[in-house]
Amino acid sequence: MRVMRFIVRIAMISVCLLSVLPVFAQQAAEILDQVDDNEIYESIIHEGEMIIEYQGRTFVKTFKVWGRENKDSFIEFTNPEDRGTKYLKKDGRLYVYSPDTEQVMLISGHMLKESMMGSDMSYEDTIENERLSRRYTATFLEDEKVDGRDCWVLDLTAIKPTESYQKRRLWVAKDNFDMVRAEFYALSGSKLKEYTLIRSELIQGQSFPMESEMRDLLRKNSKTTFRVINLELNAPVSDRIFSTRNLR
Amino acid sequence: MNNLDPRRTNRNPLSPKRSALTLLLVAILLFFLPLSPVLGQTGLVLSGVAETTLGLLLDTDESWSVDAEQFANLRLTAPIGDNGRFYSAFNVLATSAPETGIIAEGELERLYAALQFDTVDINLGLMRVPFGYGMGIRPTDIINPRNPLFPDARLRGVMATVLTWYPREELQVQGFAVQRSTDYFEGQRISFDGESLFGLSLDHHNSILSIQGLALTTVPGKNPDNYRLQLGLSLKFDVAVGVTFDTLITTDGRTEFDEGRENAALAAALGCDYSFLDGRIFLLAQYYYTSAGPLSQSDSVSDLLNGEEIAESGKSSIQFIQSSGTTFLRRHYGFLTLLYNHSDYARLQILMLTSLTDASIFPTIRHEIEPVQAVTVVSQLVIPFDTTLFGGTDAGEFGPDVAGLHAAASFSVKYRF
């Protein structure tokens, strides 16, 4: 009789859990959609600063960025020693121009995992542009406070095996869907990178990350801080910007 | 200095006539340097690289020599209205060696205007005109050929007019006219001549393939035998590995076959590149074939060094066409690049050019580290070797006798500004 009662209880709990899980999954997908919406724009122009702290040394790189439809982007470095180095991300391909060799070079697929300009970001990190909600399946994990902000914690699993990070964990602010923290994992489950939002601003109704930090955990004592300066969202940008001819 | 000498690879030898004018221009430029913030407001940008090098050379006669060098590449750009930009660059070089004392030289490296219109770009002046996609030896890069052993070296410019039309985003059609001096073999000696080149190129890119076609012809200077027609094709496949193929066919345009004279030459390079461990290790391997090599398998490089007649030499004026920054004497070559990034600010690079016919190898081992922002410390070692080092009698194409040295080491500090 006791055994019977125990089985009934377990069955009832299971039914309750199974009925709640799809709700959590739906909620997680909606949250991820909102995170994506925060970073959707028709065009973007801004200046930027990349402060790389690497094993006790500091390297500061400045640049200007033009982007359109979260798809194409053009970056020109302006700090003295890298002045004239340009990157074009277009149709999923990445081209670089170096003023030393005076040549446009297509970065081959197998080279995309290399660090970009010595930062904690790889080339692959910079060219990913499709919405997270289309590339990952999200599951709700728990609620957690980060720096005093109430957050949802989501676990993301890649839909395609070709994703550079097979798993991600996101901390999403409940008040404005800021991605306040993220962790990036390999297929083996080892943590590769950490992202922390330092400051965001409300621009044209979108909460945009203005200062953030990335740590490549495979590099010892290393972090890169990104600062966005003079941001313009949805301003007109000429098609000529996103052309290989603009690299020279 | 021969074409393998590491002393000439980072920069080109300068002629005295050009030196005086360039030094004057550089002096004017340096005078304006303190005003750079003012220049910045007008859109003028001054940048460049300064490099201090200490070199140690072990000659083939077993004597050691030490030289010091100060080099700067100064670049100045300025806007031309809304649609153009003016580019200039100067090389200044001061060398000091026991046998020569201090020598200061200067050279105008770039001086051109680049104008952009809706679908057309026009570039005019002293510039580089690169062709081909190969990462090491690149036979189609015939206007300003580079030395594969020193891929980052700045290359001498040519006077050119380049018109580029972009009918579609992924398509580029380029017409060019170039005036330059060229070297060719006259019997056993190298002679110099001026020539004009006219040509067309076409570039097309899609998601996995880049393709470039090239056709050019020459109007020879004082040596009419220097006429040639060249057709090139360059391909880059971006699949799991990077695969590049560059080929160049050269003909002297004659339809009749003269006895003892070759009418056409073929050069082709096939290469693969791949990186491992998330980009920590990069490997490039290339095979290069050139039919224009004057030495057959039975010929000895020693014969060439001793000035004796070589069976295959002197047969064609197109045998010695420079298909890259290095003159190739034989037909089959291998090229290897191994790059190890032991951090994102330090790397070890090994580049090897080998003649597969006589098993001679010219390796360059380079270590670069960025201790602070804008500063790179470069250590480099070059040790050419061939079978003579193991008791053989025939000198190899890339051996110490041809290179003129047993070993060369250098230590440089490079500053970017």
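All chains are named by letter (A, B, ...) in the order of the sequence lines, taking the proteins before the strands, and each is independently numbered beginning at 1.
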Under 4.0 Å between a Lys/Arg side-chain N and an Asp/Glu carboxylate O for [X] and [Y]?
X: A/Lys64; Y: A/Glu76; value: no
X: A/Arg68; Y: A/Asp239; value: yes
X: B/Glu370; Y: A/Arg57; value: no
X: B/Glu107; Y: B/Arg156; value: yes

Residue [X] versus chain A: region with a heavy atom under 4.5 Å:
X: B/Asp273; value: both
X: B/Tyr87; value: side chain
X: B/Val49; value: side chain
X: B/Thr119; value: backbone
X: B/Phe282; value: side chain
X: B/Arg85; value: neither
X: B/Thr164; value: neither
X: B/Asp238; value: side chain
X: B/Glu170; value: neither
X: B/Asn123; value: neither
X: B/Met135; value: side chain
X: B/Asn144; value: neither

Between [X] and chain B, with a heavy-atom cut-off of 4.5 Å, which part of the residue counts as in contact: side chain, backbone, both or neither?
X: A/Arg240; answer: side chain
X: A/Leu112; answer: neither
X: A/Tyr54; answer: side chain
X: A/Lys220; answer: neither
X: A/Asp82; answer: neither
X: A/Met105; answer: side chain
X: A/Ser122; answer: neither
X: A/Tyr95; answer: side chain

Specify which of [options] makes the most heavy-atom pairs with chain A at under 4.5 Å.
options: B/Thr77, B/Asp118, B/Asn73; result: B/Asp118
options: B/Pro151, B/Ser210, B/Ser275, B/Ala374; result: B/Ser275
options: B/Val375, B/Val241, B/Asn206, B/Ile208; result: B/Asn206
options: B/Ser47, B/Gly48, B/Ser343, B/Ala89; result: B/Ser343

Original post:
Which distance, rounded to the nearest 0.5 Å, do you find between the NZ of A/Lys167 and the CG of A/Leu156?
Top reply: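 It is 11.0 Å, given to the nearest 0.5 Å.
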Original post:
Which distance, rounded to the nearest 0.5 Å, do you find between the CZ of B/Arg138 and the OG1 of B/Thr244?
Top reply: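 Reported value, rounded in 0.5 Å steps: 9.0 Å.
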Subject >> From A/Thr78, A/Thr85, A/Ile52, residue fulfilling side chain to side chain contact (heavy atoms under 4.5 Å, CB included) relative to A/Lys61 >> reply: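 When A/Thr78, A/Thr85, A/Ile52 are each tested with A/Lys61, the side chain to side chain contact (heavy atoms under 4.5 Å, CB included) holds only for A/Ile52.
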Original post:
For A/Ile241, which of A/Ile45, A/Asn246, A/Asp72 qualifies under side chain to side chain contact (heavy atoms under 4.5 Å, CB included)?
Top reply: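 The option that passes is A/Asn246.
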Original post:
After noting the C-alpha distance and the side-chain angles of B/Phe131 and B/Gln174, does the key distance pass the side chain to side chain contact (heavy atoms under 4.5 Å, CB included) rule?
Top reply: CA-CA 11 Å; B/Phe131 291 108; B/Gln174 195 172 66; 3.6 Å; yes
**OP:** Taking the side chain as every heavy atom from C-beta outward, state whether A/Leu94 and A/Val96 have any pair of such atoms under 4.5 Å apart.
**Re:**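 No. Closest side-chain heavy atoms not under 4.5 Å.
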Subject >> Any side-chain donor near an acceptor of the partner, A/Thr137 and A/Thr157, under 3.5 Å >> reply: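 A/Thr157 and A/Thr137 do not have a side-chain donor-acceptor pair below 3.5 Å.
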Original post:
Side chains of A/Thr224 and A/Asp120: donor-acceptor distance under 3.5 Å anywhere?
Top reply: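 Yes, side-chain donor-acceptor contact under 3.5 Å.
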Original post:
Can any side-chain N or O of B/Gln373 pair as donor or acceptor with the backbone N or O of A/Val60 at less than 3.5 Å?
Top reply: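 Looks like yes, one N/O pair under 3.5 Å.
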Original post:
Below 6.0 angstrom between ring centroids: does that apply to A/Phe59 and B/Tyr345?
Top reply: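 A/Phe59 vs B/Tyr345: aromatic centres under 6.0 Å.
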**OP:** Compute the centroid of each ring, for B/Phe276 and then for B/Tyr274, and state whether the two points are separated by less than 6.0 Å.
**Re:**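 Distance test on ring centres: under 6.0 Å, yes.
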**OP:** Return the option, out of A/Arg93, A/Arg245, A/Glu81, with the maximum number of heavy-atom pairs under 4.5 Å with chain B.
**Re:**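 Most heavy-atom pairs within the cutoff with chain B belong to A/Arg245.
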Original post:
Among A/Ser98, A/Ser222, A/Ser119, A/Pro99, which has the most heavy-atom pairs under 4.5 Å with chain B?
Top reply: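 Winner by heavy-atom pair count: A/Pro99.
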